[in-house]
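The structure appears below as structure tokens.
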Amino acid sequence: MNDAQRAAVEHIDGPTLVLAGAGSGKTRALTHKIAYLVSRGVKPWRILAVTFTNKAAREMATRVQTHLNIPVEGLWIGTFHGICVRIIRREAERWGFKRDFTIYDRDDQLSTIKKAMKEFGIDKERLNPAHALHTIGRAKNEFTSPEDLENKLNGPDAKLKADIYRRYNELLKKAGAFDFDDLLMKPVEKFGRHPDILGEWQRRFDHILVDEYQDTNHTQYLLMKMLCGDYGHVTVVGDDDQSIYSWRGADITNILRFESDFKDAKTVRLEQNYRSTGTILRAANSVVAHNTNRMSKKLWTEIADGDPVEILECGSERDEAERIVSSLKNEMKEYGFSRKDFAILYRTNAQSRAFEDVLRRRGIPYVIVGGLRFYERKEIKDILAYLRLLANPDDEVAFVRAITTPKRKIGDRTIERVSQFVRENGITFIDALNRAGEYASGITATRLKEFSGILKAAAEKGAMSGIDAACEEIVEAIDYKAYLEKEHPENADERFDNVRELITAMNEYENPGEDDGLSAFLAEVSLMSDVDSWEGEVDRVTLMTLHSAKGLEFPSVFIVGVEKGLFPLSRAFDEEGQLEEERRLFYVGITRAEQRLHVSYAASRERYGTYSGGASMFIKEIPGDTCRLIVPEVHPRVSVTERRKPIRRTMEFEDYSQDIPDSDDLSPFSIGSYVSHPKFGRGEVTASSSSGGDVFLTIRFVGGMKKIKSSFVRNAQE
DNA sequence: ACCAGGCTTCTTTTT
DNA sequence: GAAGCCTGGT
């Protein structure tokens, strides 16, 4: 360890802020610190370590163990959400929650909010449910109650939104469900109301460590502060330049004001990078230097310069995929890289498609991380609905899904009647099904009882032979295989394989003991992210979003689709600060690369039925002396056949020709060219950007760097 | 209760 | 452009 790392590790008597640049060994420092604490006599179960993903948690636990060379029992390590689930389970009784609560994912949330809106008679023309959900989620991340939200918004819809928020919460409560944000918010709320219980937890932890602190939201911040109490034995590690989750409530001010928040905080900067070549690091530093809102920090490395960043101009999305796969294959030969050494990173999940096609056609094994998560697949959610209902018979969303999948001739009216019966009698959905005779007649009652029979049989199976047996029972009873073949003949087999995989996962699931197996399994599965199950050791090319790539590193990285409109996304220009966040995301991507970095863009890309493309403004922020532009011999633009294909109507034809972007229209002054200015003299263009229709150039004059409107300078010869 | 076909929404990123 | 949602017909 270097001096700075050592300082961060050994400061254990007060708050520590570790400002850790990309690749500066922060995970290493954190792991060492935990080990150090244990070696100094701190009991492992009195240490709480918060990581950003479950995978990181697992890795850290393993590394601490290897480091100490003894088993470390009882360490509290996990994501904020995971830790909160544990806390809620333990305090369920005293806080008035049921232990077998359900965790609602986005789909479940959406159907709940739609129900709430329907009750208020608001149609979705007036208020988009997704937007309402966003507002509520945001509020919960900022620890804002419906009442506070109403005051805060004070627009025409303030009352309406607050009402929906309130009702939405009631519906969750009735269903015995928490959404992701509740997992964080409820503990903070309850701790605030029960100082005695909070005291117990404060005394429980001697030291708290938080990784990726720049991406914590206000509610997480409050929780952390509460648990620290007055002792302030806390270590936070983060990098303001890598804050990329503001859209999900991450509050960068948490890290910016740590020093004023915690008295006598010791700040340690880790600025030596052990990951990337000098050139890549220089490119990264220059790019992020375009941001104004940041703490001062300058990364350096002892690693040699290495190869220039390759900037690849491509014709179309397809062309981009082809070229990149070719250059990837080429690099395997030339540098001796294997498949697992490569990552293809993109801004949006939809971009994976073209690469998938090409990789598959050329027979190169790959893995896509993200996009549709395993547990979000329809077939998995269908089966899980039954299990959720068993674990928590108040879960309305699960009830509706289970009873309608597969179709069993029970319609909306009947479902509404069951719900009403549940409400009126304060009973569970399962109880209501068993008493079907009291509100439904004849054939309908028989059908309802049939459904409840399936659940009962599964519950008995589960009690006897485990959750996987219960699951199997359900799949058989509803003849899910037949259902898949009928509904999805094109990929029924694949889907059924997923169901089998689910059963296997249940079979392998080891119940940590204190919890009921089924609800513990369901909770874990809900909090699982896609990187969690990504195995970097398998020899495959990895494809993922830039967001998912945070914290990872690869010998060779391709950042693709660095185009106008796509990265930065055009909507980043709408809101203050969003552009800088996109730039940080680019910075995160660049700093994933150890040896080779490639950045590519297409001159024209079909998106959303229309066309966009051309080099992103970010391309010009990569200094000329760190990169090499690779333009295809035959300028690709768009070939004739490609132009024809999407055209159906004459109208579109006319529009289309105008849509072809000029890939180098940002400025007549290219990076690296020389210009002269009447006052500052001759200088080299190092970057250009545009805002408000004007093009600004960053120019290196003899006297220093200046940012100047392009109309004030003229071309100069070298 | 279910289906077909038209219409709108969508792609930002995720625990 | 595709997927999902809604509507009106059966």
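Just so it is clear, the values below take in all heavy atoms, side chains as well, and ignore hydrogens, waters and symmetry mates. Numbered from 1 within each chain, the chains take letters A, B, ... in sequence-line order. Quick caveat, the model's predicted, so the values are computed rather than measured.
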Among [options], which nucleotide has an atom closest to any side-chain atom of [X]?
| X | options | answer |
| --- | --- | --- |
| Arg571(A) | dC2(B), dT13(B), dT11(B) | dT11(B) |
| Glu606(A) | dT12(B), dT15(B), dG1(C) | dG1(C) |
| Glu582(A) | dT15(B), dC2(B), dT12(B) | dT12(B) |

Ring centres within less than 5.5 Å and planes less than 30° apart: is that true of Tyr245(A) and dT14(B) in this structure?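 Given the distance and angle limits, no, they do not stack.
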
Can you check the [X] [atom1] to [N] [atom2] distance for me, whole Å?
| X | N | atom1 | atom2 | answer |
| --- | --- | --- | --- | --- |
| Arg347(A) | dT12(B) | CZ | P | 8 Å |
| Gln109(A) | dT14(B) | CD | P | 16 Å |
| Lys409(A) | dC2(B) | NZ | C1' | 8 Å |
| Asp179(A) | dT15(B) | CG | C1' | 11 Å |
| Arg583(A) | dT13(B) | CZ | C1' | 18 Å |
| Lys114(A) | dG4(C) | NZ | C1' | 9 Å |
| Gln351(A) | dG1(C) | CD | P | 19 Å |
| Asp107(A) | dT14(B) | CG | C1' | 13 Å |

Distance check: side-chain N/O of Asn349(A) vs OP1/OP2 of dT13(B), anything under 4.0 Å?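 Yes.
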
Distance test, side-chain N/O of Ser548(A) to OP1/OP2 of dT14(B), below 4.0 Å: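 Yes, Ser548(A) has a side-chain N/O under 4.0 Å of OP1/OP2 on dT14(B).
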
Between dC6(C) and dT11(B), how far is it from one C1' atom to the other, in whole Å?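 Those two atoms are separated by 22 Å.
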
P atom, dG4(C) versus dT13(B): distance in rounded Å?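 Those two atoms are separated by 15 Å.
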
Comparing Arg447(A) and Phe52(A) on DNA chain B - which has the more 5′ nearest nucleotide: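 Nearest nucleotide further toward 5': that of Arg447(A).
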
Assert yes or no for the condition that the ring centre distance of His598(A) to Phe558(A) is strictly below 6.0 Å.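 Yes; Phe558(A) has its ring centre under 6.0 Å from that of His598(A).
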
Quick one: does NZ or CZ of Arg584(A) land under 6.0 Å from the six-membered ring centre of Tyr587(A), within 45 degrees of the ring axis?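 The answer is no, since Arg584(A) fails at least one limit relative to Tyr587(A).
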
Looking at Asp108(A) and Lys381(A), is there a salt bridge between them, counting it only when a charged N and a carboxylate O are closer than 4.0 Å?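 Salt bridge flag = yes for Asp108(A) with Lys381(A).
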
Gln420(A) vs Tyr439(A) side-chain heavy atoms within contact, under 4.5 Å: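 No - every pair of side-chain heavy atoms lies 4.5 Å or more apart.
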
Check every strand shown and say whether Arg106(A) touches a base, only sugar-phosphate, or nothing at a heavy-atom separation below 4.0 Å.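 Arg106(A): no heavy atom of the nucleic acid under 4.0 Å.
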
NA contact type, Ile410(A), heavy-atom cut-off 4.0 Å: base, sugar-phosphate, or nothing?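 If one applies the 4.0 Å heavy-atom cut-off, Ile410(A) turns out to touch the sugar-phosphate alone, with no base involved.
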
Taking atom CZ as the centre, does Arg353(A) end up with more than 12 heavy-atom neighbours from other residues, nucleotides or ligands that are less than 6.0 angstrom away?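 Not more than 12 within 6.0 Å, no.
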
